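Please read the structure below before turning to the comments.
Nothing fancy with the numbering, it's 1 onward along the sequence. Both backbone and side-chain heavy atoms feed into the values below; hydrogens, waters and symmetry mates do not. All values derive from a computational prediction rather than experimental measurement.
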Amino acid sequence: MENVEQEKENLFNKVESEKVVDVLYEKLPVIAKGLIEKSQDLNIPENKGFFENPDDPMEHEPNWHQWGIITHTAKFTEAYKAETPEFLRQAGLAEFVNEKMAEQIDGLTKNRLLSISIPLHDLGKFTERKLKTGPDGTISHSFKGHEKASGRIIRQPEFIQMLRDQELTANQIEYIAHCAERHYELGLLRDAAKRSQTGFNFALIESELFLKSAQEIISANLDIAAEIGIMYLSDSLAKISLRVKAESDEEIITQRESVTKIIADLGLSPRLVNATLQMPVNMRLVKRYLEICRATE
C-alpha cells in the first residue's frame, strides 16, 4: 500500500487504476437494465424504451445532459480525473482537498473510495424516473430523489456482496453509499435557488444566504463535506462538453447568442444552451463552498 504522502502526490491520476472501478463500469449496463426492469412498468412504451436503451440521451434529461446516464457517469470519472484537480489547483484549493481526500478508511484513501462511488452515484435514476406529460403532450422525465435511492441500492445485500467480492470492507462500502446518496446536496441548493426570487446566479453565491446554506450542508455532513463539493463539480462538468468562462451574471447574458450558435454549429440540441451558460456559476459555487469548508477547519 502506498503511504499517505505518495497518495497525496498522486491523488487523482490513479482514479481508474482500481480494479473495482473497471468491474463496475463493465457491469453497469446490465445493472441498469435490472434496476429498470424491477422498478418500472415495462407495459408503458416509454419505460420499455428506457429498458432497451438505458444510455439513450433522450431517456435522460436532454435539457441538462448531453449524454445518457451511463455515458454521463463515465464522463464524471473523466472529469474527476482531469478537470477537477486542475480547477482545484487554479482555485488555490488543491492542498486543502488533497489533505482531506488522503484520509484513509480501512487502508484505502477517500480519493480511491470516492472513485468507486462514481460509477454507482446515479443508480437511483434507473429506479426513480417518473414520466411527466406537458400541456402540449410532450413527455419529460423527473429523477427526483435519485441520489437517496442510489444509497439505498448500494446497501442492498446483492450490491454489498458484489463490492465485498472486490475485497471492500463494510466501512468502505458504507462510505461509498454515503457519497452516492449525498452527491446532489449542492444541486438541491441550486434547485431551491432557481425557484426563489434571487435565482441561481453569481449574486446568490456571494450572498449571506449562500454562506448560511453552505454552512448548514457542511455541519450536517462533516465526514464528507469536501466530497460534496468535488462531486458537484465533477458531476456538473460531466453534463456537457462545452465550457464557457464568465465572471459575472452580465457576462453570461452577453454570451447567450454566441453559445446558441456554437451549439447549433456542433449539431447539439438547442436545449443545452442553459446548461452551458450555467457552468460558470456552478464552478463559482464549488469554489466558494470549498473555501467555506476550509474556513471551518
F50 side chain near I69 side chain, heavy-atom distance below 4.5 Å: yes

Salt-bridge criterion met for K48 and E52 (N-O under 4.0 Å): yes

Distance-only side-chain donor-acceptor flag, Q66 / S241, under 3.5 Å: yes

L204 versus F210, closest heavy-atom pair with distance: O-CB, 3.2 Å

Side-chain (S234) to main-chain (M231) donor-acceptor, under 3.5 angstrom: no

Beyond-backbone contact of L42 with I36, side-chain heavy atoms, under 4.5 angstrom: yes

Side chain to side chain, Y232 and R190, heavy atoms closer than 4.5 Å: yes

With A192 via side-chain contact (heavy atoms from CB on, under 4.5 Å) - residues at least two apart: R195

Donor-acceptor under 3.5 Å (T84 side chain, A79 main chain): yes

N/O donor-acceptor pair under 3.5 Å between N221 side chain and I217 backbone: yes

Candidate pair N274 and N63, rule side chain to side chain contact (heavy atoms under 4.5 Å, CB included), full reasoning: CA-CA 8 Å; N274 288 336; N63 285 2; over 6 Å; no

Derivation and outcome, salt bridge (charged side-chain N to carboxylate O under 4.0 Å, His left out), residues K212 and E208: CA-CA 6 Å; K212 181 180 178 182; E208 286 298 313; over 6 Å; no

Exam field: side chain Q40 to backbone T127, donor-acceptor pair closer than 3.5 Å: yes

Linked, directly or transitively: L186 and L222 (ILVMFWY side chains, under 4.5 Å): yes

Nearest-0.5 Å distance, CG of residue D249 to CG of residue N201: 4.5 Å

Modelled atom types, side-chain donor and acceptor of D55 and H60, under 3.5 Å: no

Whether over 12 other heavy atoms sit under 6.0 Å from E95 CD: no

E26 CD: over 12 foreign heavy atoms closer than 6.0 Å: no

Working for side chain to side chain contact (heavy atoms under 4.5 Å, CB included), residues L290 and L88: CA-CA 9 Å; L290 288 174; L88 295 172; 3.6 Å; yes

Nearest-0.5 Å distance, CG of residue L108 to CG of residue L114: 12.5 Å

Working for side chain to side chain contact (heavy atoms under 4.5 Å, CB included), residues F200 and N282: CA-CA 9 Å; F200 181 62; N282 283 334; 3.5 Å; yes

K130 atom NZ, over 12 foreign heavy atoms within 6.0 Å: yes

Side-chain (S117) to main-chain (I176) donor-acceptor, under 3.5 angstrom: yes

Heavy-atom side-chain contact between L168 and I116 under 4.5 Å: yes

Neighbour count above 12 (heavy atom, 6.0 Å) for E158 CD: yes

Spacing of CD belonging to E128 relative to CG belonging to L123, to within rounding of 0.5 Å: 11.5 Å

Y80 vs N111 side-chain heavy atoms within contact, under 4.5 Å: yes

Exercise: identify the closest heavy-atom pair between L189 and A214: CD1-N, 4.4 Å

Worked verdict on E86 versus R89 for salt bridge (charged side-chain N to carboxylate O under 4.0 Å, His left out): CA-CA 5 Å; E86 178 59 20; R89 186 190 67 78; 2.5 Å; yes

Q172 side chain to D106 backbone, donor-acceptor under 3.5 Å: yes

Spacing of CD belonging to E147 relative to CG belonging to L188, to within rounding of 0.5 Å: 5.5 Å

Donor on one side chain, acceptor on other, Y289 and E185, under 3.5 Å: no

Heavy-atom closest contact (P62 atom, R271 atom, distance): CG-NH1, 3.0 Å

Test of ring centre spacing under 6.0 Å for H121 and Y184: no

S150 side chain vs G124 backbone, donor-acceptor pair below 3.5 Å: yes

Nearest non-hydrogen partners of P119 and L24, listed with the distance: CB-CB, 3.9 Å

Enclosure of E167 CD (heavy-atom neighbours >12, cutoff 6.0 Å): no

Residue Q90 excluded, over 12 heavy atoms near CD under 6.0 Å: yes

For W67, the rest of its hydrophobic cluster, which grows through side-chain links under 4.5 angstrom: none

I205 CD1 to L285 CG distance, which is reported to the nearest 0.5 Å: 4.5 Å

Donor-acceptor pair, side chain of Y25 and main chain of T73, under 3.5 angstrom: yes

Minimum side-chain heavy-atom gap R152-K148 below 4.5 Å: yes

Any side-chain donor near an acceptor of the partner, T138 and D136, under 3.5 Å: yes

Test item: E83 and L233 side chains (from C-beta on) under 4.5 Å apart, heavy atoms: no

Nearest-0.5 Å distance, NZ of residue K75 to CG of residue D235: 14.0 Å

R288 and E291: CA distance, side-chain angles, deciding distance, salt bridge (charged side-chain N to carboxylate O under 4.0 Å, His left out) verdict: CA-CA 5 Å; R288 184 151 192 252; E291 289 171 345; 5.6 Å; no

Heavy-atom closest contact (F87 atom, V286 atom, distance): CE2-CG1, 4.0 Å

Worked check of side chain to side chain contact (heavy atoms under 4.5 Å, CB included) between M162 and Q156: CA-CA 10 Å; M162 179 178 68; Q156 291 176 355; over 6 Å; no

Backbone N/O of K245 and side chain of Q255: donor-acceptor pair under 3.5 Å: yes

Salt bridge (charged side-chain N to carboxylate O under 4.0 Å, His left out), paired with E227, selected from R182, K110, K100: K110

Whether R243 side chain and L237 backbone form a donor-acceptor pair below 3.5 Å: yes

K125 and H141 side chains, donor-acceptor separation under 3.5 Å: no

Residues, nucleotides or ligands: over 12 heavy atoms within 6.0 Å of K27 NZ: no

F159 side chain reached by I31 side chain, heavy atoms, under 4.5 Å: yes

E61 and K239: CA distance, side-chain angles, deciding distance, salt bridge (charged side-chain N to carboxylate O under 4.0 Å, His left out) verdict: CA-CA 10 Å; E61 289 179 301; K239 290 181 178 179; over 6 Å; no

